[in-house]
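Data block below; observations after.
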2 protein chains.
Amino acid sequence: MLHEEVVGRIRAILLDGEIPPGARIPERELCERLEISRTPLREALKVLAAEGLVQLLPHRGSRAAKLTDKDMRDLFEVCQGLEALAGELACERISDAEIGAIAAAHDEMVRHYREGDLIQYYRGNRAIHEAIVAAAGNPALAGLYASVTARIRRARYVTPMTPQRWALAVKEHEAILNALQRRDGAGLSHILRAHLRHKREEVLQAGFAETEGSEPTLRIA
Amino acid sequence: MLHEEVVGRIRAILLDGEIPPGARIPERELCERLEISRTPLREALKVLAAEGLVQLLPHRGSRAAKLTDKDMRDLFEVCQGLEALAGELACERISDAEIGAIAAAHDEMVRHYREGDLIQYYRGNRAIHEAIVAAAGNPALAGLYASVTARIRRARYVTPMTPQRWALAVKEHEAILNALQRRDGAGLSHILRAHLRHKREEVLQAGFAETEGSEPTLRIA
DNA sequence: AGCGCAAATTTTGCATTCAAAAATGTAAAA
DNA sequence: TTTTACATTTTTGAATGCAAAATTTGCGCT
């Protein structure tokens, strides 16, 4: 089995919350489940530790990383910065076709909003943000963005929203699309920052002290 | 030997250019030199690959990552974004003592400039940029910054400068310190972007097609 | 001599093994 | 009954072993 595949599978397990934050990662079980030996598994865990998804404790095994409120705030700050940068760059480089695709994704997302389908709304939302980052045409930026968003994904996309906040988020997305269509880099950057700041407030206010290590958490896959 | 120590040692070897970009990383030799077996070495290489310093080729071993001009441009762009963000945050959070320390570092750097000592100038320069990032009080940001700067370090701090560019860089640093002392986040962010943009132009104009894999490269440690 | 192909060697990736550290369980003493 | 010391088991971290893949070597042929 390819090394990167192992990393991907474990990453998915962690992001799904199948191993909840703070929980011990059972080496033996994972080996059996993935049908690999400990060597490639441990290599993968080291990589994921470098990404910040796994915490290694010397002679005590590895745990799914658990984020404090401070960690979460920090990561949202960085994410804001990265998205703002991506927005600016995207406005310089994005093609009409890409804008069209994002507009379509936007419309679909709004449809899910009207239908009250939060899961699908989140999925569309994420696709739009990722498309903007992709449109920046900077793989290094995209990689960092992926790594940061992976760490806050569960907080970002699991937190329930009040109708007011949801409505505001949709309004902001209208502005995002608009700025993108006008290729207004500064404006887009500004809106994206505000958008993510609101999201962060929402998440932190929801008291996102990550769920403790023992009880398995809801999967939203 | 501790896992992280191995990663650190190999990282240092790569950053020093002892194994130049594009060159094959000799597993066996490194094992003997670090007095470890292949298992921890290979774990370290996987981690460094995730960081972007090493390139893994399936069944063909690993090489020191070689950056194209595009890679370099992309990384500078990201670095700009991160420094700009750090500057803004630093202005909100930095203490007078920290500003004092940076001012002192600045003066020393200017002294090295006057003495024409490029190596020491670069060292002080880097310390200032790192201090600003540290003052942002965001470890996640600092980590990403460290990872990005590690990848462009050699380009950033090895490229020779013209007297004009050097003078401009020092002038920009005066402005950086000034904005920091006034705690002018927007201003600092703006200057940092311009500063790094100039640096990028300089590096790319110097035709930084990273040195080929065979010949060992100058160490600047 | 130059080229092509097959055998030998090296190198890679993973499984297994081994020693050390931590966790667990047990029993004796307070 | 609770606590502490000690032995046992489990788990971790690293070295070694082994099969597959790639590279190099050597030989025959043109």
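Just so it is clear: chains get the letters A, B, ... in the order the sequence lines come, proteins before strands, and each one is counted from 1.
Straight-line distance from the CG atom of B:Leu45 to the P atom of C:dT11: 15 Å, rounded to whole Å. The CD1-P distance, from B:Ile25 to C:dT11, rounds to 15 Å in whole Å. One atom, CZ of B:Arg63, and another, P of C:dT11, lie 14 Å apart when rounded to the nearest Å. Going from atom CD of A:Glu29 over to atom C1' of D:dT10 covers 14 Å, rounded to whole Å. Computed from coordinates, the B:His3 NE2 to D:dA15 C1' distance equals 17 Å when rounded to whole Å. Nucleotide D:dT16 holds its C1' atom 14 Å from the CD atom of B:Glu27, rounded to whole Å. A:Leu41 places its CG atom 11 Å from the P atom of D:dG13, with the value rounded to the nearest Å. As rounded to whole Å, 13 Å separates atom P of C:dT16 from atom CD of A:Glu35.
In this pair, B:His195 and B:His129 present their aromatic rings parallel. The plane angle is below 30°, not in the 30 to 60° band.
No side-chain heavy atom of B:Glu172 sits less than 4.5 Å from a side-chain heavy atom of B:Lys199.
The side chain of A:Arg42 approaches D:dG13 more closely than any other nucleotide in the set C:dG13, C:dA15, D:dG13. Here the nucleotide nearest the side chain of A:Arg28, chosen from C:dA21, D:dT11, D:dA15, is D:dT11. When each of C:dT11, D:dT11, C:dC14 is scored by its nearest atom to the side-chain atoms of A:Thr39, the top-ranked nucleotide is C:dC14. Here the side chain of A:Arg38 is nearest to one of D:dG17, D:dA14, D:dA21, namely D:dA14.
Counting any heavy atom pair closer than 4.0 Å across all strands shown, B:Arg60 reaches sugar-phosphate atoms only and no base atom.
Annotation: the span from B:Glu130 atom CD to B:Glu83 atom CD amounts to 9.5 Å, rounded to 0.5 Å.
Annotation for B:Arg60: atom CZ does not count as buried by contact number, only 12 or fewer foreign heavy atoms lying within 6.0 Å.
Positionally, the nearest nucleotide of DNA chain C for B:Leu57 lies more toward the 5' end than for the other of B:Leu57 and A:His59.
Contact annotation: B:Arg24 reaches the phosphate of C:dT12 (side-chain N/O to OP1 or OP2, under 4.0 Å).
Checked against A:Glu18 for a salt bridge (charged side-chain N to carboxylate O under 4.0 Å, His left out), the options A:Arg9, A:Arg11, A:Arg33 give a single hit: A:Arg33.
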